[in-house]
Structure formats: structure tokens, C-alpha cells
Amino acid sequence: MLSPQNYLNHLQKNHHISFFTGVPDSLLKDFCQIVQEQAKNHYICANEGNAVAMGVGYHLATGEIPFIYMQNSGFSNALNPILSIASQLIYQIPMLIMIGWRGEPGVKDEPQHLHQGEVMLANLESHKLDFTILPSDEKSACEITSTIIADLKNNPRPYILLVTKNTFNSYETTQLSQNDYQLNRPDLIEKLIIRFSDNKFFASTGYIGRELFAAREKFQSSHSNDFLSIGAMGHVNQMAYAYCLSTKNKTIILDGDGACLMHMGGMSSIQHFNHLPLIHLVFNNACHLSVGGQPTVANKIDFAAIAKSFGYQQSFTIKTDQEFEELLAHIQTSTNSIFANIMVSKSFDAKIMRPNLTPLQMKNLFMKKGQA
Ligand SMILES: Cc1ncc(C[n+]2csc(CCOP(=O)(O)OP(=O)(O)O)c2C)c(N)n1
């Protein structure tokens, strides 16, 4: 297997690659972690298109090759700036783009990765993007990377390094930090589903949905009130907005800070819906907890002020149990839109169950076409 440390050394020391940007991925988490700790010029972006755009700007300033990383779920976010700016047919911006290949055919994975994973190679080919599957053998991986970098200097363009599961060795970090927040997300989710047992919940990508599913199991309650946005990171609020618009029922969004930032412009749609009982809760642990805990900048952002200016009728920042209890009371009585930025700890149960229903079963339950 490939050592993340040695591969990073190869990029930095042998090729002077010194600009790293991307959105974290669980399959690349060991490499992402070491980049986070050791690369001086490293920026985690809100979404993968932003990361490609950062790579463009860096190249324009320096003439050097940027290194960009992402999960294949985010490849579609990245395609626009790749194909319409960086492409060999347009501005010819050289860049190395490392993509974690979730859902690779033959490798067991979560349902949200199956389609994207299956079409990955055809997708690259149809977009006429040059790519290599990064070998897990270290010598070959480094040699191939050197060849690609030399080629990019003569033939500048985006070049994809596709990474399969178990390519990188694990890297044990010594730097996993806690934050100062006391509230524990799984406890809050339990309180919410007990209090709002008749309402629909839309849960964002990653652990949030798994925690909601596990809480239902714990209380032996039906999953029929829950829609888990297992994929489409950052889009859950739009799904809930339109659901609420069509039903007029109180609809509760359980969002993450990374996901909320990813397509934050979508929150402007609340302008059309702010008279509706839409409850948008961002559980802000200031990191991408589900894929390794890489930091976001969300602890420096006043989400509540942003939400207010986007048009939510009421918005709050919540840090204590008492404030959370007061928020529950507001949600209970309000008939208008509410946003809350809930500061939570990074505690999580790494072994928490995964949904044992298929997406189709969950959708049918949600739409009352089946039994719990
Ligand atoms: C477009 C896209 N990019 C990246 C991912 C990989 N991914 C899954 S969950 C996650 C982190 C989500 O962070 P946040 O919303 O803060 O929730 P947390 O993990 O902290 O619960 C990431 C990056 C993805 N699923 N989709």
C-alpha cells in the first residue's frame, strides 16, 4: 500500500507541488489528514468546483501545478470549472485532481455511491479527461505521478488520479482536536424526534442521517417521517423547502455545517418560502466529522445573521441545553420559518448503525406506500 507520508513527500520534495485544495473524502481521509497537518498552502473549500477554481487562480499567479482532491460524489460539482475553464480546449490549466472512487464496481459500498461509482470510468472518458488509476504500490505510484507531472508541463490540462479503496495506508493522527461545545448532536436529535413525533425530518449527508435512523431504532419508532439525503451533499434544504411548500406541514431540516456551506446560495430560496413552517437546524461542529473530522471554517461564521438576511423569519445561535430547550419551544409554537446554528461537540459513535432499509424502502415509507 501507499504511505500517505511518502506520497506527499514525493509531491512536495521531488516535484515542488505546494498548493493543495479540495473537499475531504472518507476514502482519501489518511492522505487528507497528512496534507492538513503538513502542507503549508492548504485550503479546504466549500465545494469541489470551488477547489478547481482555486487551482486555476493559483496557476494564474504562479505558473505552477495545483493539487486538488475530492470524492467522486463531488466530481459533478467540479466538472463545470474543469470543462469550461481549465480544459485543454480552453485555458489549458495544468492541475492534478485526485478523486476517491467510492462505489467502484465489485467493491461493497453505500447505496448513494453505486451509480456514480459504476459510471466513473465512462464518465471520465466521455468528458475526454485523461486519468490514471493510482497504483497502491508506492514505487509505481510515484513513478506514474512523476511522468504525469512532466507531461502536464508540455501539455497543460486537468489530469485525474483515480484512487480506489485501500490504496493508502492508514495514518494515525495525533492532532484530532475537540471543540469547546458541550451539546451532543445525537442527544439533540433524540429530543427532536420525541418532541416532534408527527413532523417530517430531512437529514443531511453523513452521520446526521445515521444518527436519526439509529434514534428511531432506539425508540422503536417508524422511519416513515424521515427522508435521508444520503447523497447530494448540500442540497437537503432545497428538498425540504419544496416539500414544505407543497404540504404546508412543519418540516425540520437536520443539516451539517460542511453541507450548509457547500451550496449556501440555495438558502436564498427561503425568500419564497419564509412564511412557511420550515425549521432549518445546522449542527455546527466546525468539521467534516463523517469523513475524518477535517475542519470547516463554520465556527468563524455567523450563520444566524446570514440566515436572517437570507429571509428566515427567526434565527438563533444555540450553545447551551437551556437555549436548546427554548428553541424547541419556539419550534413548537411558530408557524413561520426558523433557522438555528447549533454549536455541537465533535463526539460521535464511529460504529453507529447504517440504515438497514434500502433508499427505495425509505422513500416508500416516507410517502406512505409501505409499512415500517
Ligand atoms: C459533493 C460531495 N462532496 C463530498 C462528500 C463526502 N462527504 C460526505 S459527508 C461529508 C462531511 C459533511 O460535513 P458536515 O455537513 O459538516 O457534517 P458532519 O460530517 O460534520 O456530520 C463529506 C465531505 C459528499 N458526500 N458529497
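Each residue takes its place number in the sequence, starting with 1. Order of appearance sets the numbers: ligands from 1, and atoms from 1 within every ligand.
The side-chain tip of Lys200 points at the ring of Phe366 from less than 6.0 angstrom away and within 45° of straight on.
Using a 30° and 60° split on the angle between ring planes, Phe67 and Phe20 fall in the tilted class, from 30° to 60°. The aromatic rings of His280 and Phe339 sit perpendicular to each other, their planes meeting at more than 60°, with 30° as the lower class boundary. In this pair, Phe168 and Phe31 present their aromatic rings parallel. The plane angle is below 30°, not in the 30 to 60° band.
In terms of protein heavy atoms, atom 23 (C) of ligand 1 is closest to Pro24 O, 3.3 Å. The closest protein non-hydrogen atom to atom 15 (O) of ligand 1 is Ala259 N, 2.8 Å. Regarding atom 9 (S) of ligand 1, its nearest protein heavy-atom neighbour is Ser290 CB, 3.8 Å. Nearest protein neighbour of atom 4 (C) of ligand 1, counting heavy atoms only, is Glu48 OE2, 3.3 Å. Nearest protein heavy-atom contact of atom 21 (O) of ligand 1 is Arg185 NH1, 2.8 Å. Nearest protein heavy-atom contact of atom 12 (C) of ligand 1 is Met233 CE, 3.6 Å. Atom 5 (C) of ligand 1 has its closest protein heavy atom at Gln71 OE1, 3.5 Å. Scanning all protein heavy atoms for the shortest distance to atom 8 (C) of ligand 1 gives Val291 CG1, 3.7 Å.
Within the 4.0 Å heavy-atom criterion, the part of Cys287 lying near ligand 1 is the backbone and not the side chain. Contacts with ligand 1 closer than 4.0 Å are made by no heavy atom of Asn47, backbone or side chain.
In terms of polar-atom proximity, defined here as any N/O pair under 3.5 Å, Tyr207 makes no such contact with ligand 1. The N/O atoms of Asn285, backbone and side chain alike, include one that comes under 3.5 Å of an N/O atom in ligand 1. Between Met262 and ligand 1, a contact under 3.5 Å exists for no N or O pair.
Every atom of ligand 1 with a heavy atom of Leu289 under 4.0 Å away is listed here by number and element: 18 (P), 19 (O), 20 (O). Close approach to Asn77 involves these atoms of ligand 1, each under 4.0 Å from a residue heavy atom: 1 (C). Residue-ligand proximity, Asp257 to ligand 1, at heavy-atom distances under 4.0 Å covers atoms 15 (O), 16 (O). Every atom of ligand 1 with a heavy atom of Gly258 under 4.0 Å away is listed here by number and element: 14 (P), 15 (O), 16 (O).
Although no hydrogens or angles enter the test, the distance criterion places a donor-acceptor pair under 3.5 Å between the side chain of His59 and the main chain of Glu64. In this structure, Asn199 contributes its side chain and Asn249 its backbone to no donor-acceptor pair below 3.5 Å. Between the Asn284 side chain and the Asp257 main chain, no donor and acceptor come within less than 3.5 Å of each other. When atom types are taken as modelled, the side chain of Gln116 and the backbone of Gly103 share no donor-acceptor pair closer than 3.5 angstrom.
A distance of 6.0 Å or more separates the ring centres of Tyr312 and Phe303.
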Test side-chain contact (heavy atoms from CB on, under 4.5 Å) on Leu328 and Leu192 and set out the steps.
CA-CA 8 Å; Leu328 293 180; Leu192 280 160; 3.7 Å; yes
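Contact annotation: the side chain of Asn285 never approaches that of Phe348 to less than 4.5 Å [non-hydrogen atoms, C-beta and beyond].
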